[in-house]
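Only one structure is covered here, and it is reproduced in the block below.
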Amino acid sequence: MFQPNSIWQFATAANIRFGRGSLELLPQELQRLNVTRPLIVTDKTIAALPPVVSLLQTLRKSFSAVVVFDGCVAEPPIEIAQAAIELGLSERIDGIVALGGGSNLDIGKIAATVLKHGGMPRDYFGFDVVPGPILPLIAIPTTAGTGSEVSHSAVLTDVSAQSKVSTLSRWLRPNVAVVDPSLTDSCPSVVTAHSGIDALVHAIESVTNRDFSEMTGVDPQAKAYEGSYPLTRLIGGEAIRLVGQFLVRAYQNPKDREARDGMALAALLAGMAFSNSGVALVHALEYPIGGLTHCSHGEGNGLLLPHVMRFNLPSCVDSMSKVAGWLGCDTKGQTAVEAAESAIAAVVQLQQAVSIRTRLSELGLAREQIPWVASSAFQIKRLMDVNPRRATEMDLVAIIENAF
Ligand SMILES: NC(=O)c1ccc[n+]([C@@H]2O[C@H](COP(=O)([O-])OP(=O)(O)OC[C@H]3O[C@@H](n4cnc5c(N)ncnc54)[C@H](O)[C@@H]3O)[C@@H](O)[C@H]2O)c1
Ligand SMILES: [Zn+2]
């Protein structure tokens, strides 16, 4: 008999190419998708990287037109997406290569949506508003962090509302994710740290989330996330293990290829896990905080993570104790609660080892903004719904005050 509460689904990018040198596959992947006039969505730093310069030269030999939009910026405002769309329209492009950190990948997703279906970026904010397939999209991450190369979301900054806005849709998963870890070799350590800790947040939220079977009150049609289930726990757990093994190494020695490769895989796996299981309260709090302070998404998340774990602990002792094991804590002889507490201690240690700031006041948040942050976060239902512990708005105020 059909039992909706026991049937989960898993989705990711249609095709994933992973490994050093995979960037060279781009021309053939574009041809496979019948793209003849690709728009490369990137930023000026990435466009100047030697492997990207030579990639563009190769592409220009194989395609009738290669249009480059290099106007992306970190935590991008909606207007940047609009500028990419206008260039794509005037150049009659027929496919998109999003190349860069999560910021550029998300601009590429929104541009591919609007260039296919018309209108404006704002028309597609929310869950399941995109009516069908978007333009062919290849996502090539240059940070090891967001997992946007496989996820079904795109996050922009609404400058006037001082907050982040998201589009979530199954159609946003790229046709191909090309993950070439050599592209992350040039990441400055601050980007390595912030994007790497974001991958950890994705993985931890994806494994500690409410279980799939408990997501009963959520209308299946309005469900952006499934809750955690065996496959997301398997993938998310491996992502946590890889971050524990490699993030500090990649941060301390940017040339450590094994660590770079490990982090690229960690970020990819974390993206596969969270974009099905969901991200939760850390992200709900980070969106308004990032909108107000313009901190990087990764740093805001990394700062908040131990505080949210402390709040969530009573509702996810079992999964959080497993996090401790994945992070390499010695939990022999510990109770499950003690092991879960060890996971929080390990996260704090990792946070310090990669110099994530520890107080929201240092990011520029003002005390009088705390109630607004709590009420804005509380309204992001898809993130609150999937959090393991039910939280009131006053709980959110208390978490923010602890992190202040
Ligand atoms: N769509 C999703 O699923 C998803 C998930 C998490 C976060 N995000 C979003 O992604 C954004 C953050 O992305 P991010 O952490 O990857 O950072 P980013 O894309 O904002 O990049 C940060 C900076 O690093 C530089 N950079 C990136 N790669 C580099 C490289 N290899 N060498 C030198 N410089 C490099 C960029 O030019 C930029 O100045 C936020 O807007 C966040 O909201 C999206
Ligand atoms: Zn994130």
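No hydrogens, no waters, no symmetry mates; every other heavy atom, side chains included, goes into these values. Position 1 is the first residue of the sequence; numbering continues from there. Order of appearance sets the numbers: ligands from 1, and atoms from 1 within every ligand. No experiment lies behind these values; they were computed from the predicted model shown.
Protein heavy atom in closest approach to atom 29 (C) of ligand 1: I46 CD1, 3.5 Å. Taking atom 5 (C) of ligand 1 as the reference point, the nearest protein heavy-atom neighbour is T146 O, 3.4 Å. From the protein, the heavy atom lying nearest to atom 41 (O) of ligand 1 is E75 OE1, 3.3 Å. In this structure, the protein non-hydrogen atom closest to atom 30 (C) of ligand 1 is S186 OG, 3.4 Å. With hydrogens left out, the protein atom closest to atom 23 (C) of ligand 1 is V191 CG2, 4.0 Å, a heavy atom. Counting protein heavy atoms only, atom 20 (O) of ligand 1 is closest to S103 OG, 2.6 Å. Looking at atom 28 (N) of ligand 1, its nearest protein heavy atom turns out to be T142 OG1, 2.8 Å. Looking at atom 9 (C) of ligand 1, its nearest protein heavy atom turns out to be D106 OD2, 3.6 Å.
Residue contacts with ligand 1: K44 is excluded, as none of its non-hydrogen atoms falls under 4.0 Å. In this structure, P188 is part of the shell of residues with a heavy atom less than 4.0 angstrom from ligand 1. Not a single heavy atom of G298 sits under 4.0 Å from any atom of ligand 1. The closest approach between any non-hydrogen atom of H152 and ligand 1 is not below 4.0 Å. The closest approach between any non-hydrogen atom of S153 and ligand 1 is below 4.0 Å.
A donor-acceptor pair under 3.5 Å links the side-chain atoms of T208 to the main chain of I204, judged by distance alone. Using a distance-only test at 3.5 Å, with no hydrogens or angles considered, no donor-acceptor pair links the side chain of E238 to the main chain of L269. Between the side chain of N209 and the backbone N or O of G227 there is no donor-acceptor pair closer than 3.5 Å.
Close contacts of ligand 1 with D43, meaning ligand atoms under 4.0 Å from a residue heavy atom, involve 36 (C), 37 (O). Within ligand 1, the atoms closer than 4.0 Å to a non-hydrogen atom of A74 are 20 (O), numbered from 1 in the order shown. Within ligand 1, the atoms closer than 4.0 Å to a non-hydrogen atom of D198 are 6 (C), 7 (C), numbered from 1 in the order shown. Residue contact check: H202 has heavy atoms under 4.0 Å from atoms 5 (C), 6 (C) of ligand 1. Taking every heavy atom of G101 and a limit of under 4.0 angstrom, the matching atoms of ligand 1 come to 16 (O), 19 (O). For ligand 1, the atoms lying closer than 4.0 Å to a non-hydrogen atom of K164 are 43 (O).
The Zn ion (ligand 2) forms the vertex of an angle spanning NE2 of H283 and NE2 of H202; to the nearest 10 degrees it equals 100°.
Taking the six-membered ring for Trp and the full ring otherwise, Y225 and H152 have centroids separated by under 6.0 Å.
Atom CH2 of W372 and atom CD1 of I289 lie 10.0 Å apart (nearest 0.5 Å).
Surrounding CD of E362 are more than 12 heavy atoms belonging to other residues, nucleotides or ligands, all under 6.0 Å away.
Residue nearest to atom 16 (O) of ligand 1, selected from L168, T143, L183: T143 (by heavy-atom distance). For atom 17 (O) of ligand 1, the nearest non-hydrogen atom from the set G102, S151, S166 belongs to G102.
Ion pairing between D261 and R20 holds under the 4.0 Å rule for side-chain N and carboxylate O. Using a 4.0 Å cut-off between charged side-chain N and carboxylate O, D70 and K44 make a salt bridge. Salt-bridge formation is not detected for the pair E341/R310: no Lys NZ or Arg NE/NH1/NH2 atom is positioned less than 4.0 Å from an Asp or Glu carboxylate oxygen.
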Determine, stepwise, if the pair L115 / I85 fulfils side-chain contact (heavy atoms from CB on, under 4.5 Å).
-> CA-CA 6 Å; L115 285 166; I85 292 159; 4.0 Å; yes
Output, in order, the C-alpha distance, side-chain angles, deciding distance and verdict of side chain to side chain donor-acceptor pair (under 3.5 Å) for K109 and S148.
-> CA-CA 9 Å; K109 288 175 167 181; S148 179; 3.1 Å; yes
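Taking the six-membered ring for Trp and thresholds of 30 and 60 degrees, H297 and H202 have ring planes inclined between 30 and 60 degrees apart.
Residues D158 and S160 bring a donor and an acceptor atom of their side chains to less than 3.5 Å of each other. Side chains of D395 and T392: a donor on one and an acceptor on the other come within 3.5 Å.
Annotation: S195 places no N or O atom under 3.5 Å from an N or O atom of ligand 1; distance criterion only. Polar contact check, P76 against ligand 1: no nitrogen or oxygen pair lies under 3.5 Å apart.
When you scan the N, O or S atoms of D198 for the one nearest the Zn ion (ligand 2), you land on OD1.
Shown here, atom 3 (O) of ligand 1 is in close reach of the protein: a heavy atom of it lies under 4.0 Å off. When distances from atom 39 (O) of ligand 1 to the protein are checked, no heavy atom turns up under 4.0 Å.
Geometric assessment of R389 against the ring of F311 yields a positive cation-pi assignment under the 6.0 Å and 45° thresholds.
Side-chain atoms of I93 and P38, non-hydrogen and from C-beta on, never get closer than 4.5 Å to each other.
When heavy-atom distances to ligand 1 are checked against a 4.0 Å cut-off, Y287 has no atom that comes that close, whether in backbone or side chain.
Within the coordination shell of the Zn ion (ligand 2), defined by N, O or S atoms under 2.8 Å, E286 is absent.
Listed here is the closest heavy atom pair of V41 and N104: CG1-O, 3.8 Å.
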